[in-house]
Amino acid sequence: MGRRPVYDYDMVVIGAGAAGLVAAGMAALLGAKTALVEKHRLGGDCTWMGCVPSKTLLKTAKVAHDMRNAQRFGLASFPPVISFERVMDHVRSVRKQVYDDADAPPYMEKLGVEVIEAGARFLDPSAIEIREASGQTRRITSRFFCIATGSRPKMPRFSVTPLTNETLFELTSQPKELLVIGGGPIGIEMAQAFQRLGSTVTVVTSDTRILVKDDSGHAEILREALASEGVSFIFERQVRALDRRPTGLIATLDDGQTILCDAALAATGREPTVEGLDLDNAGVKLGKKGIEIDRHCRTSRRNIYATGDVTGRYEFTHIAEHMSKVAVTNAILRWPRSLDEKHIVWCTYTHPELARLGESEADVRKRGSQCSVFRLPFSKLDRAITEGETAGEVKVITDRSGRILGASIVGVNAGEMISEYALAMRNGLRIAQIADTIHPYPTYLLGNRLTADQWYTRQLDSPLLGLLARVFGYRGLRKGASVL
Ligand SMILES: Cc1cc2nc3c(=O)[nH]c(=O)nc-3n(C[C@H](O)[C@H](O)[C@H](O)COP(=O)(O)OP(=O)(O)OC[C@H]3O[C@@H](n4cnc5c(N)ncnc54)[C@H](O)[C@@H]3O)c2cc1C
């Protein structure tokens with residue numbers, strides 16, 4: 001037997017965002033000698049420029065919205081006094097708290113990870129050069145690598161550089177008129193947050209609607225909610241130019257229309273962060289969207305994995321984490337675990353939220369299959385009624401046997417509610433089993449059960465029930481009866 005080559009590490013993870021933190025932590029816990037190389041700060045986009053600051057800002061904006069609308073609950077409404085500087089201080093203090101609690105080097109070191117603050121580039125498939133801030137470089141070798149270098153905003157080319165998620169949360173003064181370029185989750189969340197905090201927001205998108213990857217009817221419910229708060233939308237238009245004028249900025253659209261604003265946020269998609277990594281030296285292939293991986297998150301080099309946004313797949317924190325678990329399970333445990341692309345779930349954290357799981361009705365029909373659709377409007381959900389949150393709907397797609405194929409929920413707490421369907425779907429449960437599960441009353445999650453109850457209502461048309469009615473002599477069976 002040949003001698004096994006000696007490497008400095010068993011696993012080196014490059015990039016310490018959501019993907020890298022999970023990959024490094026898990027590898028170390030499984031007994032691999034692990035290093036985590038990060039060139040900027042641990043936590044990555046999610047903690048510093050993504051999920052955490054955006055959700056904190058949305059919460060503050062919701063409080064402001066509730067103050068303005070308190071009369072709905074029998075209280076006196078009053079306009080919130082907003083100090084943007086203090087709001088942003090709050091946002092920054094929350095992300096610092098998240099960083100200290102779960103991302104900072106001491107936390108990772110406790111898990112057994114060696115944190116190296118440096119940039120990395122490949123020298124060959126088993127070696128990288130790391131460059132510290134001081135300019136010092138050294139070569140380290142590893143048996144396995146996980147590339148988790150994330151993504152950055154796609155930058156439209158204008159004479160003025162628009163804001164992106166990298167600069168938005170560093171603002172110290174509030175834009176009065178904010179132009180949001182892009183109608184995806186980032187653009188839509190920030191449009192609502194800034195509008196509620198007192199900016200006047202216009203969203204321009206080249207698509208025909210917002211949130212094109214979500215259920216169209218549900219996206220429309222959300223658009224209506226945002227429009228009722230004052231957000232303006234311009235569809236099927238591209239911003240061609242953004243220029244500075246003495247009074248602010250002027251955006252010119254492809255039809256010649258102009259929009260005056262004092263800030264513009266580009267939320268027009270992401271691109272993988274790969275420059276400087278010298279992937280060619282390692283023989284790692286880059287595709288159109290990002291680093292190419294197979295279903296085990298393995299790149300074109302067997303010992304090198306890639307996870308998270310750098311692969312251009314889905315671009316969510318929870319998917320980045322899932323990918324890292326898959327990669328480390330394959331690399332360290334040698335257990336052939338695969339990406340679970342059937343149960344992808346995501347949520348846009350506006351008010352109301354919009355969450356999606358698995359296949360949509362359109363997806364199922366496109367592949368030529370039959371499906372059943374079960375819906376429940378939030379206006380039939382007692383908890384939503386008591387809380388004045390009746391804008392929304394649960395929609396569940398099943399095959400004819402009741403096997404769950406997907407779901408979309410728009411409404412308050414949709415992001416929490418969708419997880420029950422995700423658990424059910426992943427474990428092969430049928431919709432009847434959600435209906436048979438006792439849910440506390442009155443909760444939003446009870447909406448899941450009420451939606452599922454319709455499975456039984458629909459059986460009223462089944463020949464079996466007709467047979468039972470005949471056998472037992474019942475006379476009340478009504479075809480087409482509905483609880484809604
Ligand atoms: C505004 C906004 C809101 C979002 N909200 C949500 C949300 O609510 N829920 C959700 O699931 N997702 C959300 N996302 C998406 C989520 O933030 C990303 O999917 C997630 O952060 C990706 O993690 P990652 O580890 O792949 O990349 P990143 O977080 O980008 O981490 C990559 C790390 O690699 C480092 N790095 C890069 N190159 C090198 C190198 N050569 N050497 C060393 N280090 C390097 C970088 O400095 C960085 O720290 C949001 C994104 C944005 C922009």
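Order of listing sets the numbers, starting from 1, for every ligand and every atom in it.
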Do any N/O atoms on [X] end up under 3.5 angstrom from N/O atoms on ligand 1?
| X | result |
| --- | --- |
| Ala320 | no |
| Phe316 | yes |
| Lys55 | yes |
| Lys39 | yes |
| Thr273 | no |
| Ala19 | yes |
| His318 | yes |

| request: Using the salt bridge (Lys or Arg N to Asp or Glu O under 4.0 Å) rule, take Asp89 and Arg92 through it: C-alpha gap first, then chi angles, then the decisive distance, then the call. | output: CA-CA 5 Å; Asp89 281 349; Arg92 289 175 208 126; 3.5 Å; yes
| request: Could you label the plane-to-plane angle of the Phe84 and Phe194 rings as parallel, tilted or perpendicular, counting under 30° as parallel and over 60° as perpendicular? | output: tilted
| request: Please work out whether the ring planes of His351 and His65 are parallel, tilted or perpendicular, with thresholds of 30° and 60°. | output: perpendicular
Atoms in ligand 1 with a heavy atom of [X] nearer than 4.0 Å:
| X | result |
| --- | --- |
| Cys46 | 17 (O), 21 (O) |
| Ser151 | 30 (O) |
| Gly15 | 33 (C), 34 (O), 35 (C), 44 (N) |
| Ala18 | 23 (O), 25 (O) |
| Glu315 | 15 (C), 19 (O) |
| Ala16 | 33 (C), 34 (O) |

So is [X] in contact with ligand 1, going by heavy-atom distances below 4.0 Å?
| X | value |
| --- | --- |
| Arg270 | yes |
| Ser54 | yes |
| Ala118 | yes |
| Arg41 | yes |

| query | Can the positive tip of Lys33 be found less than 6.0 Å from the middle of the six-membered ring of Tyr9, inside 45° of the ring normal? | reply | yes
| query | Taking atom types as modelled and ignoring hydrogens, do the side chains of Asp363 and Ser360 form a donor-acceptor contact shorter than 3.5 angstrom? | reply | yes
| remark: Correct closest heavy-atom pair for Leu354 and Ser408 would be CD1-OG, 3.9 Å
Donor-acceptor pair, distance only, cut-off 3.5 Å: does the side chain of [X] make one with the backbone of [Y]?
| X | Y | answer |
| --- | --- | --- |
| Asp215 | Gly217 | yes |
| Glu353 | Gly415 | yes |
| Asp243 | Ile250 | no |

Measuring from [atom], which candidate in [options] has the nearest non-hydrogen atom?
| atom | options | result |
| --- | --- | --- |
| atom 11 (O) of ligand 1 | Val22, Asp309, Thr317, Val37 | Thr317 |
| atom 27 (O) of ligand 1 | Gly150, Gly44, Gly308, Gly187 | Gly150 |
| atom 49 (O) of ligand 1 | His40, Glu166, Glu38 | Glu38 |
| atom 4 (C) of ligand 1 | Cys51, Ala148, Gly43, Pro272 | Cys51 |

| Do the ring centers of Phe169 and Trp48 come within less than 6.0 Å of each other? | no
| message | Would Asp124 and Arg139 count as a salt bridge (Lys or Arg N to Asp or Glu O under 4.0 Å) here? Give the steps. | response | CA-CA 11 Å; Asp124 61 53; Arg139 177 178 186 271; 3.6 Å; yes
| message | Please determine whether the number of non-hydrogen atoms from other residues, nucleotides or ligands lying under 6.0 Å from atom CZ of Arg426 exceeds 12. | response | no
| request: Select one of side chain, backbone, both or neither to describe which atoms of Asp45 lie under 4.0 Å from any atom of ligand 1, heavy atoms only. | output: both
| query | At under 4.0 Å between heavy atoms, which part of Cys347 makes contact with ligand 1: side chain, backbone, both or neither? | reply | neither
| message | Within the 4.5 Å heavy-atom criterion, are Ile128 and Ile14 side-chain neighbours or not? | response | yes
